[in-house]
Chemist: 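Mind having a look at this structure? Questions to follow.
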Amino acid sequence: MSIAPVDDATLARLLTDWLPEQRWFAGKGLELSGVRVTRRAMMLDDPEVLVEHLLVDLEVDGRPQRYQVPIATAPELPGDRRAFPLTPEGASPVVYDGLRDPRGTESLLRHLGEQAEVGGLRFRLVADAPVPEPTWGRLLEGEQSNSSLVFGDDLMVKLFRLVQPGVNPDVELHAALADRDCPAVAALRGWVELDDGEVGDLGGGPTTLAMAQEFMAGAADGWAMATASVRDLFAEADLLAEEVGTDFADEASRLGAAVAQVHEDLAAATGVTTRDGTDLVASMRARLDAAVAEVPALAEYADAARAVFDEVAGSGPVPVHRIHGDLHLGQTLRAPDRWIVIDFEGEPSAPLAERRVPDSPARDVAGILRSLDYAAQHTLVGVEDRQLRFRAREWRDRNVDAFCSGYAEVSDSDPRDTGALLRAYTLDKALYEVVYESRNRPGWVPVPMGAVERILSAG
Ligand SMILES: Nc1ncnc2c1ncn2[C@@H]1O[C@H](COP(=O)(O)OP(=O)(O)O)[C@@H](O)[C@H]1O
Ligand SMILES: O=P(O)(O)O[C@H]1O[C@H](CO)[C@@H](O[C@H]2O[C@H](CO)[C@@H](O)[C@H](O)[C@H]2O)[C@H](O)[C@H]1O
C-alpha cells in the first residue's frame with residue numbers, strides 16, 4: 001500500500017508548532033508567523049516510508065527566514081529511536097524528522113555516492129573523494145546551528161538549516177583550502193546544491209544545502225581540552241601551570257601554527273587586498289552603539305572604546321583576505337595527529353554577502369584570545385578566591401603567548417606586534433560577547449565585561 005504525502009497546509013500548521021522546539025531553530029523566544037512550505041521534493045518513495053525535502057519560509061519577528069527540513073511520513077514511527085514527530089500522538093500516518101529515519105539518511109548517502117539529481121537537488125562529490133558505501137547516518141546531538149550526520153567512521157554530512165541564496169562559505173572555503181592542500185582542515189568530500197528556477201527568489205545560481213567532509217573520528221574539541229587543563233590547574237594548588245599534566249601551552253602553540261596555516265592558505269587562495277581603517281571599524285562602531293543601547297552597563301566604557309576604534313580608523317590601509325570570521329576554541333578540533341579548524345560558515349544569521357567580505361586575520365586571532373580568556377575565567381564568575389583568580393590569569397597569559405608564538409612560527413607576522421588592530425578586534429569581540437551572554441547566559445556576562453574593562457584600562 002502506498003503512503004499519501006500530507007498536504008501543504010497541514011504541514012505548515014504542524015511545522016508552526018514543531019520548528020520552535022528544534023535545537024537549530026534560530027528564532028527561539030521570538031514571534032513566529034506566516035509558515036509556508038515553498039518547495040517539496042521526494043527523496044525516497046518507499047512502500048514503508050516517504051522522505052521529502054522541504055524548503056519552509058516563515059517570518060521571525062517580522063523578518064523572513066528560509067529553512068530546509070527533511071521529513072519522513074510513515075504508518076508508524078521507526079521503533080528504536082526518538083523520531084521527533086510533527087504529528088500528535090496517535091496520528092496516522094506519522095510525520096517526523098527525516099534525519100532520524102535510517103532509510104532516509106541512507107538514501108541521502110546513496111544519492112551522494114551516485115552524484116544524483118533528485119527533485120532538483122544536485123548531489124556532488126569532489127573529484128578524488130571515495131564513493132561512500134550506502135549505510136545509515138547517525139545525527140550528532142550537540143548544540144549546533146545546523147544538523148550533522150555521521151556515516152560509518154569517516155564521513156560527515158552537515159545540512160545548513162538556514163538557507164540563503166548562494167554558495168555557503170563553509171563549502172567555498174573548504175574547497176579553496178583543499179586546493180592549497182591545507183593540512184589544518186578536514187577534507188571536503190562533496191556537497192548538495194539547488195539550482196532553482198522554480199522558487200524564483202533563490203537568486204538563480206547554485207545555493208548550497210549541505211556539505212560532506214571527512215569525519216575526524218576520535219578528535220577532541222579545543223574548548224573541552226582547554227577547560228580540562230584549567231580545571232586540573234585549579235585542582236593542583238601547589239603546582240605551576242607547566243607542571244600540571246594537562247598543561248595546554250604546547251597545544252596552544254600548535255593551534256596557533258594551524259590557524260596561521262589556514263590564514264596563509266586563505267590569503268593565497270582568495271587573494272590579499274586592503275581596506276581602509278575607517279571602513280574596517282565602521283561595523284565595530286555600529287556594534288558598540290547597538291551594544292550600549294541593549295546593555296546600559298556598557299555606557300561608561302563607550303568613549304574609551306570609541307578611542308580604540310578611532311586609532312585604527314586613522315591608521316591607513318589594512319591588509320585583508322577571506323578569514324574564518326567566527327573563530328573560537330569550539331571551532332577547533334584536536335585530531336590524533338594535528339589541529340584542525342572547522343565551520344567556516346561565519347555567523348549563520350548574517351547575510352551571505354556580509355560574511356564574504358575580506359577581513360583582517362586579526363579578527364580570528366582575537367576570537368581565539370577571547371576564548372582562552374573564557375576558558376580560564378568562566379568557572380570563576382562570583383568566586384572571590386584571589387589565588388584562583390591569579391592562577392586563571394596566569395593560565396590565560398601563558399596560553400595567549402604560546403598561541404601567538406606558534407602563529408608567528410608559520411606566519412611572517414606575530415599577532416603581538418599588531419597592537420592597535422588586535423586590540424580593536426578583541427574589544428569588538430568582547431562587546432559582541434557581552435550582548436550574546438546577556439541574551440543567552442546572563443550569569444556569564446562578567447567574563448566579557450571584565451575583558452572590556454581590562455582592554456580599556458590597558459590603553
Ligand atoms: N570534520 C569533523 N570531524 C569530526 N567532528 C566534527 C567535524 N566537523 C565538526 N565536527 C563536530 O560537529 C560539531 C558541529 O560542527 P559545526 O561545523 O561547528 O556545526 P554547526 O555549523 O552546526 O555549528 C563540532 O562541534 C564538532 O564536535
Ligand atoms: O554558535 P557559534 O559557534 O557561532 O558561537 C556563538 O556561541 C558561542 C558559545 O558556544 C559563543 O562563544 C563564547 O563562549 C565560548 C564558550 O562557550 C567561548 O569559547 C567564546 O570565546 C565566546 O565568544 C560565541 O561568541 C557565539 O557567537
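Basis for what follows: all heavy atoms, side chains included, without hydrogens, waters or symmetry-related copies. Whatever order the structure lists them in is the order used to number ligands and atoms, beginning at 1. Source: prediction; values computed, not measured.
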Chemist: Just verifying a value: how many Å separate R40 CZ and L11 CG, rounded to the nearest 0.5 Å?
Modeler: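 CG of L11 is found 4.5 Å from CZ of R40.
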
Chemist: Contact between W18 and Q22 at the side-chain level, heavy atoms closer than 4.5 Å - yes or no?
Modeler: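 Of all side-chain heavy-atom pairs linking Q22 with W18, at least one is under 4.5 Å.
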
Chemist: Can A219 be said to touch ligand 1, with heavy atoms closer than 4.0 Å?
Modeler: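 So A219 does not count as touching ligand 1.
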
Chemist: With a 4.0 Å cut-off on heavy atoms, is K429 touching ligand 2?
Modeler: yes

Chemist: Would you give the length of the straight line joining atom OG1 of T270 to atom CG of D179, rounded to the nearest 0.5 angstrom?
Modeler: 11.5 Å

Chemist: Pick, from E433, R370, E347, H328, the option with the minimum heavy-atom distance to atom 3 (O) of ligand 2.
Modeler: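 Going through E433, R370, E347, H328 one by one, H328 has the nearest heavy atom to atom 3 (O) of ligand 2.
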
Chemist: Measure the shortest side-chain to side-chain distance between V434 and L298 over non-hydrogen atoms and say whether it is less than 4.5 angstrom.
Modeler: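 The answer is yes; the side chains approach within 4.5 Å.
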
Chemist: Any N or O of D170 that comes nearer than 3.5 Å to an N or O of ligand 1?
Modeler: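 In this structure, D170 places no N or O atom under 3.5 Å from an N or O of ligand 1.
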
Chemist: Assign the ring pair Y432 / Y436 to parallel, tilted or perpendicular, where the plane angle (0 to 90°) is split at 30° and 60°.
Modeler: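 The rings of Y432 and Y436 lie parallel, inter-plane angle below 30°.
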
Chemist: About how many Å separate CD1 of I71 and CE of M43, when rounded to the nearest 0.5 Å?
Modeler: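 CD1 of I71 is found 11.5 Å from CE of M43.
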
Chemist: Please state whether R161 comes within less than 4.0 angstrom of ligand 1, counting heavy atoms only.
Modeler: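 No, R161 has no heavy atoms under 4.0 Å from ligand 1.
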
Chemist: Looking at ligand 1, does any of its N/O atoms fall within less than 3.5 Å of an N/O of I342?
Modeler: no

Chemist: With heavy atoms of K158 as the reference, note each atom of ligand 1 found under 4.0 Å away.
Modeler: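 Once the distances to K158 are compared, the set is 16 (P), 17 (O), 19 (O), 20 (P), 21 (O).
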
Chemist: For ligand 2, which atoms, with element, lie under 4.0 Å from some heavy atom of Q331?
Modeler: 3 (O)

Chemist: Would you mind listing which atoms of ligand 1 come within a distance below 4.0 Å of any non-hydrogen atom of L333?
Modeler: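 Reading through ligand 1 atom by atom, the close ones are 2 (C), 3 (N), 4 (C), 5 (N), 6 (C), 7 (C).
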
Chemist: Show which atoms of ligand 1 fall inside a sub-4.0 Å distance from at least one heavy-atom site of F215.
Modeler: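 Ligand 1 atoms under the 4.0 Å threshold to F215: 3 (N), 4 (C), 5 (N).
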
Chemist: Using a 3.5 Å distance criterion without hydrogens, assess whether the side chain of Q68 forms a donor-acceptor pair with backbone atoms of L162.
Modeler: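 No, Q68 side chain to L162 backbone: no donor-acceptor pair under 3.5 Å.
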
Chemist: Which atoms of ligand 1 are found less than 4.0 Å from any heavy atom of A186?
Modeler: 1 (N)

Chemist: Kindly confirm or rule out a cation-pi arrangement of R161 over W24, judged by NZ or CZ under 6.0 Å from the six-membered ring centre and within 45° of its axis?
Modeler: yes

Chemist: For atom 1 (N) of ligand 1, find the nearest protein heavy atom and state the residue, atom name and distance (0.1 Å precision).
Modeler: E214 O, 3.0 Å

Chemist: Run the contact test for R441 against ligand 2 with a 4.0 Å cut-off on heavy atoms, strictly below, and give the result.
Modeler: yes

Chemist: Would you mind listing which atoms of ligand 1 come within a distance below 4.0 Å of any non-hydrogen atom of Q331?
Modeler: 18 (O)

Chemist: Could you check, using the six-membered ring where one of them is a Trp, whether H378 and W223 have ring centers closer than 6.0 angstrom?
Modeler: yes

